[in-house]
Number of protein chains: 2
Amino acid sequence: MNQDEALADTPPPGATVRAQTRHDKHHATSLRVERSAVSLVLEHGFDSVTVDMICSQSGISQRTFFNYFKTKKAAIIGAEPPTIDEGRAREFIAAPGDDLLPDVLTLMSAIGPREGMDEQLFTDRLRIFGLHPELMQEQMERMTRVTSEITELVYLRLGRGATVDGENDPELAFRHGQAELLTHAMLGVVRFMALQWIPDFERPAGAAGRTDRAAAPTLAESLSRTVELLRRTLSIPGL
Amino acid sequence: MNQDEALADTPPPGATVRAQTRHDKHHATSLRVERSAVSLVLEHGFDSVTVDMICSQSGISQRTFFNYFKTKKAAIIGAEPPTIDEGRAREFIAAPGDDLLPDVLTLMSAIGPREGMDEQLFTDRLRIFGLHPELMQEQMERMTRVTSEITELVYLRLGRGATVDGENDPELAFRHGQAELLTHAMLGVVRFMALQWIPDFERPAGAAGRTDRAAAPTLAESLSRTVELLRRTLSIPGL
DNA sequence: CAGGCAATTTGCAGCAACTGCAACTTAGAG
DNA sequence: CTCTAAGTTGCAGTTGCTGCAAATTGCCTG
């Protein structure tokens with residue numbers, strides 16, 4: 001998994017002289033298409049933007065567009081991020097025991113926008129999500145695709161303290177059910193978090209460039225606030 | 001809201017003689033289309049079924065089809081159920097305090113398949129959901145549309161014990177956040193519940209879910225089991 | 001550096017979902 | 001019964017998306 005990166009750190013022996021290797025080119029084009037798509041949608045709205053528009057602005061043919069992205073929505077949301085990082089998974093399983101909830105949330109957030117990603121593109125996408133719930137929906141759907149993987153990790157973490165031989169099938173099945181339930185519930189929480197994150201819906205026609213840095217909490221801030229709220233909510237007496 | 005029902009219990013003065021009132025006819029056609037769609041999809045799969053097929057089997061034109069349902073998917077999932085029942089909402093707010101979770105789940109379940117609905121159609125749809133995750137997705141998306149309404153109800157219920165004059169804005173806002181978070185999380189739980197419900201869903205071996213051919217549990221059973229699991233999960237010490 | 005293999009790109013033809021419009025049919029009120 | 005409005009239909013057109021085969025391009029080997 002994550003073949004892109006694997007190839008990336010094996011540059012051709014000719015040092016950095018060869019500027020445009022096949023792989024780089026693909027990546028560049030992909031990014032160019034994403035940018036075109038996002039900017040066009042921000043300008044005209046999702047329905048008014050045709051695939052042909054995106055193509056001509058990106059300098060590729062329509063057919064090539066669909067070689068890069070399966071659907072129009074996919075192009076706007078961006079290239080599919082790889083599956084869960086192996087190292088991250090290990091960390092998660094072995095992490096100190098009294099922080100399960102935030103850890104799960106962190107794990108899930110890693111599926112969405114990545115760390116070193118283009119800042120402008122990122123916030124633009126957030127704005128689009130606010131404007132077009134359908135696309136937000138698509139993003140969430142993408143996350144649900146890894147539900148089973150996360151469930152497995154949660155399952156392992158839940159069971160790490162148990163003695164191996166002291167348990168029987170029903171207990172394991174029960175714990176797996178717990179993991180599954182917990183994962184789905186946390187996915188809902190992620191949605192909540194994402195919604196809190198999306199900037200103001202109202203958008204004056206004036207300055208297109210983001211000038212006010214008023215409400216743009218980092219992932220970590222947003223996360224810790226959510227966890228705090230979650231903890232206090234779970235402690236409601238008559239729940 | 002729920003205008004259908006409101007009109008239904010106001011039959012024309014001519015008793016039951018007039019068999020096909022305008023409204024009834026619409027309802028009948030709608031149901032016929034749904035049935036055609038569901039059976040065809042079960043037989044050939046979603047992609048292989050064209051709207052034209054559904055139309056000819058239902059005896060309507062394609063144009064009329066799109067007058068009844070916005071999209072092909074919508075026809076398969078079925079007519080949009082009305083918004084939350086007013087009486088139900090009141091009940092929810094006033095219900096005894098120590099059963100919030102199951103009550104929320106019940107409220108949400110009411111959005112999906114209705115009580116007095118066609119049994120065959122219902123189970124067929126479940127099968128389709130198992131076969132085509134995209135449609136399940138659509139159904140869930142439909143549920144998320146009432147998120148804000150449910151949030152409001154939860155908010156009211158959370159605050160019903162508080163003295164009116166003893167609270168200030170921050171407290172109210174905080175409670176609203178709680179309601180929002182809770183609603184989203186519960187929506188995730190509903191998804192979990194739905195998955196347990198669907199027969200033969202291809203999932204990684206060992207995952208919780210029915211693989212046997214036993215009859216599907218009723219909504220109430222499934223719900224109480226889920227709540228039980230949820231409660232025991234929330235009481236995990238190092239959560 | 002030439003030649004060739006394989007991956008990518010592209011044009012083209014075509015299908016299916018969906019929409020607006022205008023004409024037509026029908027149900028139900030007066 | 002008649003008239004009006006609601007519901008239905010055909011038609012033409014747009015758009016997303018796919019398969020296929022030809023053209024192009026990057027890259028490796030001799």
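Chain A is the first sequence line, chain B the second, and so forth, proteins listed ahead of strands; every chain is numbered from 1.
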Colleague: Examine distances only and state if a side-chain atom of S222(B) and a backbone atom of L219(B) form a donor-acceptor pair shorter than 3.5 Å.
Modeller: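 No: the side chain of S222(B) does not pair with the backbone of L219(B).
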Colleague: Check this one for me: any side-chain N or O of Y68(B) less than 4.0 Å away from OP1 or OP2 of dG7(D)?
Modeller: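 Result: no.
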Colleague: Please check if any side-chain donor atom of T147(A) sits under 3.5 Å from a side-chain acceptor atom of T183(A), or the reverse.
Modeller: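 Result is no, nothing qualifies.
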Colleague: Report the nucleotide, chosen from dT18(D), dA27(C), dG10(D), that has the shortest atom-to-atom distance to any side-chain atom of S61(B).
Modeller: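 Ranking dT18(D), dA27(C), dG10(D) by closest atom to the S61(B) side chain puts dG10(D) first.
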Colleague: Using a heavy-atom cut-off of under 4.0 Å over every strand shown, decide if T50(B) touches base, sugar-phosphate, or nothing.
Modeller: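 Here T50(B) touches the backbone only, sparing every base.
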Colleague: So, does T21(B) get its side chain near the phosphate of dG28(C), meaning an N or O under 4.0 Å from OP1 or OP2?
Modeller: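 Yes, T21(B) has a side-chain N/O under 4.0 Å of OP1/OP2 on dG28(C).
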Colleague: For I60(B) and dT26(C), give me the distance from atom CD1 to atom C1', rounded to whole Å.
Modeller: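 One finds 17 Å between C1' of dT26(C) and CD1 of I60(B), rounded.
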Colleague: Given atom CD of E134(A) and atom C1' of dC18(C), what is their separation to the nearest angstrom?
Modeller: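 From E134(A) CD to dC18(C) C1': 15 Å.
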Colleague: Taking the side chain of R22(B) as heavy atoms from C-beta outward, which of dC17(D), dA6(D), dT19(C) is closest to it?
Modeller: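 Of dC17(D), dA6(D), dT19(C), dA6(D) is nearest to the side chain of R22(B).
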Colleague: For the pair made of NZ in K72(A) and P in dT15(D), what is the distance, rounded to whole Å?
Modeller: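 To the nearest whole Å, that distance equals 9 Å.
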Colleague: In whole angstroms, how far is the C1' atom of dT19(C) from the CZ atom of F65(B)?
Modeller: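 Rounded to the whole Å, the gap is 14 Å.
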Colleague: Could you state the atom-to-atom distance from NZ of K73(B) to P of dA16(C) in whole Å?
Modeller: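 Whole-Å distance recorded here is 17 Å.
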Colleague: Take atom NE2 of H26(B) and atom C1' of dT8(D), then tell me their distance rounded to the nearest Å.
Modeller: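 Going from H26(B) (NE2) to dT8(D) (C1'), I get 12 Å.
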Colleague: Between K72(B) and A37(B), is there a donor-acceptor pair closer than 3.5 Å when you use the side chain of the first and the backbone of the second?
Modeller: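 No; judged by distance alone, with no hydrogens or angles, the pair does not exist.
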Colleague: Using modelled atom types and a 3.5 Å cut-off, is there a donor and acceptor pairing between side-chain atoms of S30(A) and backbone atoms of H26(A)?
Modeller: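 Between the backbone of H26(A) and the side chain of S30(A) there is no qualifying donor-acceptor contact (under 3.5 Å).
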Colleague: Do side-chain atoms of R125(A) reach the backbone of V38(A) as a donor and acceptor pair under 3.5 angstrom?
Modeller: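 No, the answer is negative, given that no donor and acceptor are paired below the 3.5 Å cut-off.
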Colleague: Taking donor-acceptor contacts at under 3.5 Å, does the side chain of R63(B) reach the base of dG20(C)?
Modeller: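 Looking at the base of dG20(C), it does pair with a donor or acceptor on the side chain of R63(B) (distance under 3.5 Å).
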Colleague: What's N67(A) touching, base or sugar-phosphate or nothing? Going by heavy atoms closer than 4.0 Å.
Modeller: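 Base, at least one base heavy atom under 4.0 Å.
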Colleague: Let me know the distance between CZ of R32(B) and P of dT8(D), rounded to the nearest Å.
Modeller: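 Result: 10 Å.
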Colleague: Round to a whole Å and report the spacing from NE2 of H23(A) to P of dG26(D).
Modeller: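 It works out to 16 Å between those atoms.
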